[in-house]
Structures are given as structure tokens and as C-alpha cells.
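Just so it is clear: chains get the letters A, B, ... in the order the sequence lines come, proteins before strands, and each one is counted from 1. Values reported hereafter were calculated over all heavy atoms of this structure, with side chains retained and with hydrogens, waters and symmetry mates removed.
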Amino acid sequence: MSRKLKKRLIRIIISLVLFIPLFIVDKVINLTNVIPISEINWLLPFLLYLLIYLIISYDILFKAFRNIIHGQIFDENFLMIVATFGAFAIKEFPEAVAVMLLYQIGEFFQDLAVGKSRKEIASLMDIKAETANLVKGDNSFEIVEPEFININDIIRILPGEKVPLDGVIVKGNSSIDTKALTGESLPREVKIGDEVLSGTINIDGVIDLKVNKKYEDSTVNKILELVENSSNLKSKQENFITKFAKWYTPIVVISAVLLALIGSLVTLDYISWISRALNFLVVSCPCAIVISVPLSFFISIGRAAKIGILIKGSLYLENFNNVKTFVFDKTGTLTKGNFVVSKIYPESNRNEILKVASICESISTHPLAKSIQSFNFEVDHSYVISNVAGKGIIATKGNEKLLCGNKLLMEENGLSIPEVNEVGTIIYVAKNNEYLGYILINDEIKLESYELIAYLQKEKIKTIMLTGDNKDVAEHIGHALHLDEVKYSLLPQDKVSELDNIIINSNCLTAYVGDGINDAPSLARSDIGISMGQIGSDAAIEASDIVIMNDNLLTIIKAKKIAKKTITIVYENIIFALVSKLTILILSILGIASIWLAIFGDVGVALICVANALRSGKTK
Amino acid sequence: MKKTYKIEVDCAVCATKVESAISKIEGVNEASINFMTQKMIIDIDESKEKELLKEILRVARKVEPDFEILK
């Protein structure tokens with residue numbers, strides 16, 4: 001608790017300690033009866049209550065007075081002063097003090113809640129290291145602030161320390177706790193040559209890192225800035241309350257004045273009408289929703305960041321909640337992208353097939369090639385290898401000609417091949433115009449994909465997959481996951497236009513989920529671009545609206561739940577606040593509402609809304 | 001040029017009023033006050049920073065006299 005708040009709490013306690021006994025005594029013996037002279041018998045209770053009143057409200061009095069001098073008349077402070085002075089004027093002394101006391105208690109708890117939320121989010125984001133150990137020529141190190149470290153400097157990270165900057169390990173090995181960034185609790189083993197990101201924690205080994213990004217561009221700074229700035233991108237609800245707040249107070253205050261004037265003139269019972277007007281003044285502050293709505297978004301985004309979900313703006317959180325179509329990239333997103341050889345046909349020819357394929361694919365970096373390279377067959381590198389785009393590879397040496405590729409490659413080289421009824425990518429292999437057989441390669445579906453798609457369907461969200469793969473593969477995955485639609489054989493540029501079509505033809509918000517590699521145009525085009533796992537990729541972070549810092553698709557479900565809960569709480573608060581205030585206003589006009597109810601309508605409602613807002617972002 | 005400042009603004013409603021007030025200052029292209037993070041982001045001509053900050057403080061304090069721009 002800050003010093004300012006502590007001082008307020010002490011004043012509140014002192015006032016309570018004085019007020020409660022006085023109030024009880026007053027109720028028992030009626031202080032007005034103490035002085036027997038009727039013209040001045042009210043002086044005793046008045047002075048006693050006034051004393052407590054001044055203790056509890058001197059800061060409000062001061063602020064109200066000062067604000068009037070600055071031209072800001074109708075603010076909360078002035079209204080509270082008028083309301084309580086009014087109560088004093090109509091001889092409701094204990095009410096006047098109690099009203100101010102309750103108001104101060106309410107404001108205190110509100111500020112306490114906001115302060116605590118800010119602290120919680122700040123500590124969640126406590127991923128920044130205060131210092132870095134800069135390694136010097138003689139292998140000693142100097143403690144320096146991370147902002148002063150340059151690219152290619154070597155920093156040493158001791159066990160238990162936070163990694164201050166992004167870099168590559170040049171000495172040592174260790175295991176790294178990435179939980180603060182990715183939400184993953186399993187430590188990552190790292191060795192020389194591996195990239196380590198700032199914001200993670202070094203667990204047990206001593207490692208030296210060659211820094212590859214200055215602090216301003218480091219992962220930890222990017223994340224901190226992203227979360228901080230997220231509350232600047234306001235949601236529809238936040239924009240609404242900004243406009244609402246502008247009008248609400250003046251309207252209520254003017255109504256109060258009219259109410260007092262007209263009511264008093266018509267019925268001449270000016271006490272009754274002034275006290276109704278006072279009630280109006282007390283509920284005239286829209287604080288409840290002006291604080292609780294942004295607070296909900298702020299807390300949700302902060303808590304989401306803690307589990308590895310970076311949401312770039314309150315607006316995106318709101319839109320994400322309303323997304324009704326999900327478009328997925330296949331490779332690396334719904335599937336592992338690790339292409340595994342699942343079959344070699346005929347088995348009897350296995351070695352020969354693999355030998356030929358290994359030679360052909362020996363220098364390719366394509367994932368399909370990698371799955372063949374993983375067999376680690378001895379490769380004769382004296383072959384001349386030529387790539388036939390879109391069809392395959394031809395390797396020649398002397399009179400030998402090896403073919404490795406799709407049906408088109410085979411047919412163009414005069415080979416006719418039998419029909420193959422397999423799902424996956426088929427690589428046909430031939431040697432010296434003799435067809436040897438084929439290799440079947442499959443891209444495994446991620447286990448989490450099933451659960452994610454099932455969840456989305458339960459939420460009545462349309463699921464579509466885009467892929468460059470062929471029809472069979474696409475439809476196979478479509479069936480396995482129960483996807484609503486699959487679009488296949490797409491070249492990279494087709495994917496964006498296909499996404500464009502989907503968005504134009506639907507009348508709802510569309511999210512695109514990709515792994516951040518070459519996805520930037522699609523991520524940018526969609527209403528909500530979600531990139532997965534690419535913590536370091538600048539282009540992906542730039543283009544996407546939500547960055548999920550791990551590869552686990554189930555995190556998307558968590559993100560959806562957070563979005564839903566946040567918006568629900570926001571609407572709960574807006575409706576509750578508006579309905580209560582309106583009810584109290586109406587009851588005040590009718591003369592049924594006491595000033596206590598009005599205080600509840602201001603302070604109580606605000607506290608309830610703030611307490612409700614604190615529930616945001618929890619996924620349990 | 002967008003610049004961010006740490007500020008002290010005690011009341012959420014005041015924050016919105018201050019934001020609209022300073023947006024109207026000549027030389028301030030855009031202003032955003034974030035009550036949650038206690039930050040102010042303004043788009044200004046950097047060479048006029050000193051005078052604009054003075055004016056911003058003056059205008060903001062008319063709305064909330066406790067408004068502070070922290071160094």
C-alpha cells in the first residue's frame with residue numbers, strides 16, 4: 001500500500017472510531033436535548049459531528065475549493081461537498097458525516113484495487129533483468145545495465161539469473177526456464193550455438209551469450225512494450241464509456257438543479273426536493289464503469305501475457321471474442337510440419353529405393369528431403385543433381401540416371417507408374433528408366449489440433465484449412481479433424497487471395513492462425529491474426545494481433561476463454577452500473593431513496609464493479 | 001513524433017477529460033492518456049517539446065490540479 005493510501009486509511013479509521021460512539025450516544029440520549037434552549041440546542045450535535053466531518057473531508061474540501069478556482073466546478077469533490085453541506089443544512093448531521101465517511105471508504109478501496117492490479121500486472125511482467133554481466137578480455141565480468149550492452153558483446157549468465165538480452169550461446173550449456181515467456185513449464189536444454197531469449201531464466205549452468213540484439217529490440221522489451229501499449233488500443237466498450245462519461249455528469253447535475261428548483265416551487269417542500277437533488281448529485285459520477293471497464297481489459301491482457309498469450313490491444317481482445325471463422329495454415333500449425341516417412345513400397349526394394357532417394361535429396365533443404373535424409377544412408381556425392389521445379393530431382397553420373405519426384409516427373413521421363421491409393425505425399429523413385437517404387441511421407445497432425453477444432457465447433461465457429469498440399473492430404477486431414485472446409489493445392493500467393501475471399505464472403509470476424517513463417521500477409525489481412533511459436537520473428541509479431549508464444553494449440557482455447565470472460569464481465573459491469581444508477585435516480589425523484597442508497601449507488605456500485613473486474617483474465 | 005511520458009493522474013474520469021483537453025492544444029497532433037498504466041503518449045513536434053509540455057501541464061491542471069508529468 002502506498003504512503004498516500006496509508007494516510008487515508010488512518011484518517012478513515014480515526015473518523016470511524018470517533019463517529020461510531022458519537023452516533024450511538026446520539027441515538028440513545030439524542031444530543032439535541034442536551035442544551036435546553038431550543039434555538040441553539042442543535043449546536044452541540046452540529047459541532048461534534050462537524051469535527052469528525054472535517055477530519056474525514058478536509059482533503060475533499062480543499063480539492064473542491066481549488067478546483068473551482070481553476071474553473072473546474074462540477075467535479076466529484078464539489079458535488080460531495082454540496083451534498084453533505086446540504087445534509088448539514090437540513091439538520092441531518094450524522095447522515096452528512098456518514099455519507100462522507102462512506103464515500104471516502106469507497107474511494108479508498110477503489111484506489112487500493114486499482115493500485116493492486118497495477119502491481120500485479122507489473123510483477124507478472126517482471127521479466128526484465130536489472131543487470132547484465134559483461135564479460136571482459138580477462139574473463140572477468142562487469143555488472144552493467146542491459147541498455148548499455150552492444151551487439152556482439154559477450155554476457156555471462158549465472159545459475160538462477162534472468163537472461164537480460166537475446167543472444168547465442170558461445171560457451172557453456174544449461175537448461176532454461178521459459179515459463180515467463182511461453183507459459184511452458186518444461187525447461188529447455190541449451191548448448192553452444194543455441195539461441196537464448198531475454199526474459200527467460202537460466203536454471204543450472206553458467207553460459208556465455210553473444211548478444212545479437214540491443215535491449216530496445218530484445219524480446220523482453222518488445223513484450224513489455226506490447227503489453228503496456230495494449231490498453232491504448234481501445235475497445236468499442238471503452239470508447240462508449242468515454243463518450244458516456246462526458247455527458248452523464250452534466251446531465252445528472254443539471255437535472256438535480258431543475259429537480260430542486262421545480263419541485264420546491266411547485267410543492268414549497270424545499271427540504272424534500274433539495275434532498276432528492278442531493279441524491280442526484282451523489283450518483284452523478286460514472287466512476288464505476290470508467291474505472292472497471294478499462295481495468296478488466298488491462299488485467300486480462302496482463303494475465304494472458306503471463307501464460308504466453310500476447311494481445312496487442314483491448315480492441316483485439318474484444319474482436320477475438322466475436323470471431324466466428326477460424327482459418328488455419330496446415331503445415332506447422334495444424335500439423336507438426338515434420339514430415340515422416342510412413343511407408344516404402346515395395347518393402348522388398350526398400351534399400352534400393354532409399355539409396356536412390358538419398359542421393360537425389362542429399363542437398364535439398366526441403367522438409368520432405370529431410371525426412372529422407374534422416375535415414376542417414378551413405379551418399380555418393382559424385383552425382384550431378386538438378387532440381388526440376390514442382391516435379392522433383394534428377395541425379396546423373398555417367399550413364400546412370402536417378403529420378404526422384406512426383407507422377408509428372410516420372411511420366412515426363414517416359415515411365416508409366418501404377419495407380420497408388422495412399423494419402424500423403426508420394427515420392428516415386430526410378431533408376432535408369434526402371435521404376436523402383438515409392439516413398440510415402442506424411443505430415444503428422446498435432447495431437448492438440450483435435451481438441452482445438454472440437455472446441456471451436458462446440459462454440460459454433462467455422463473452421464477452414466488452407467494448404468499447398470494436394471487434395472488427398474487436405475481432405476484426409478479435413479475428415480480427421482472434422483474441419484468445415486479445406487482449400488488445397490494453393491501456392492503461397494493463393495493463400496492470401498483465398499483468405500481474402502473467405503473474409504469478403506462472410507459477414508463475421510475471421511481469425512487466421514499461422515506459424516509466422518511467410519504468414520505475414522495473411523496475418524495482416526485477417527481480422528485477428530494469430531501467430532504461434534515465433535517468439536523471435538519480428539515480421540510475425542508486427543503483422544499479427546495476437547502472438548502465442550508456444551506451439552501449443554490449446555493455448556488458443558485459453559485465449560478464447562479469457563476473451564469471453566473479459567467481455568462478459570465488462571457487460572455485467574456496464575449493465576449493473578447503469579441500471580443501479582438509473583433506478584436510484586428514479587427512486588430519488590419519487591422521494592423514496594435515502595441518501596444512503598445514493599451513496600451505495602455511487603461508491604457501492606463502483607466497488608462491486610471493480611471487484612468484478614478483478615476476476616478478469618482468470619482461466620480457472 | 002510520438003513521445004511517452006510517465007504521469008500521475010488520480011481520477012479515471014479526469015484522465016479522459018485531460019485527454020480531450022490536451023488534444024485540442026495547438027501543436028499536439030494526437031494525445032492519449034492511459035489511466036491504467038499512468039502514461040501519456042503525445043504526437044508532437046519534438047523541437048517544441050518544452051513549451052508544449054508547459055502548456056499541457058497548464059491545461060491538464062485545470063481539469064485535475066494534481067496532474068503531474070514525471071521526469
List, one per line, each side-chain donor-acceptor pair under 3.5 Å for residues 599-610 of chain A, sequence neighbours excluded.
none

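- Considering only heavy-atom pairs separated by less than 4.5 Å from chain A, the leading option among B/Thr16, B/Asn34, B/Asp66 is B/Asn34.
- Counting non-hydrogen atoms of neighbouring residues, nucleotides and ligands closer than 6.0 angstrom, the CZ atom of A/Phe65 reaches no more than 12 such neighbours.
- Within 6.0 Å of CD on B/Glu26 lie no more than 12 heavy atoms contributed by other residues, nucleotides or ligands.
- Residue A/Lys63 holds its NZ atom at 7.5 Å from CD of B/Glu64, rounded to the nearest 0.5 Å.
- Using a 4.5 Å cut-off between heavy atoms, B/Thr4 makes no contact with chain A at all.
- Contacts between residues 52-59 of chain B and chain A, counted as heavy-atom pairs separated by less than 4.5 Å, involve no residue at all.
- A/Gln110 contributes atom CD, which lies 9.0 Å from atom SG of B/Cys11 (distance to the nearest 0.5 angstrom).
- No other option in A/Val114, A/Leu295, A/Ile241 has as many heavy-atom pairs under 4.5 Å with chain B as A/Leu295.
- A/Glu225 pairs by the salt bridge (charged side-chain N to carboxylate O under 4.0 Å, His left out) definition with nothing, not counting sequence neighbours.
- Residues of residues 36-46 of chain B lying under 4.5 angstrom from chain A, judged on non-hydrogen atoms, are B/Met36, B/Thr37, B/Gln38, B/Lys39, B/Ile41 in numerical order.
- Counting heavy-atom neighbours within 6.0 Å of A/Phe244 CZ, excluding the residue itself, gives a total above 12.
- No more than 12 heavy atoms of other residues, nucleotides or ligands shown are found within 6.0 angstrom of CD on B/Glu30.
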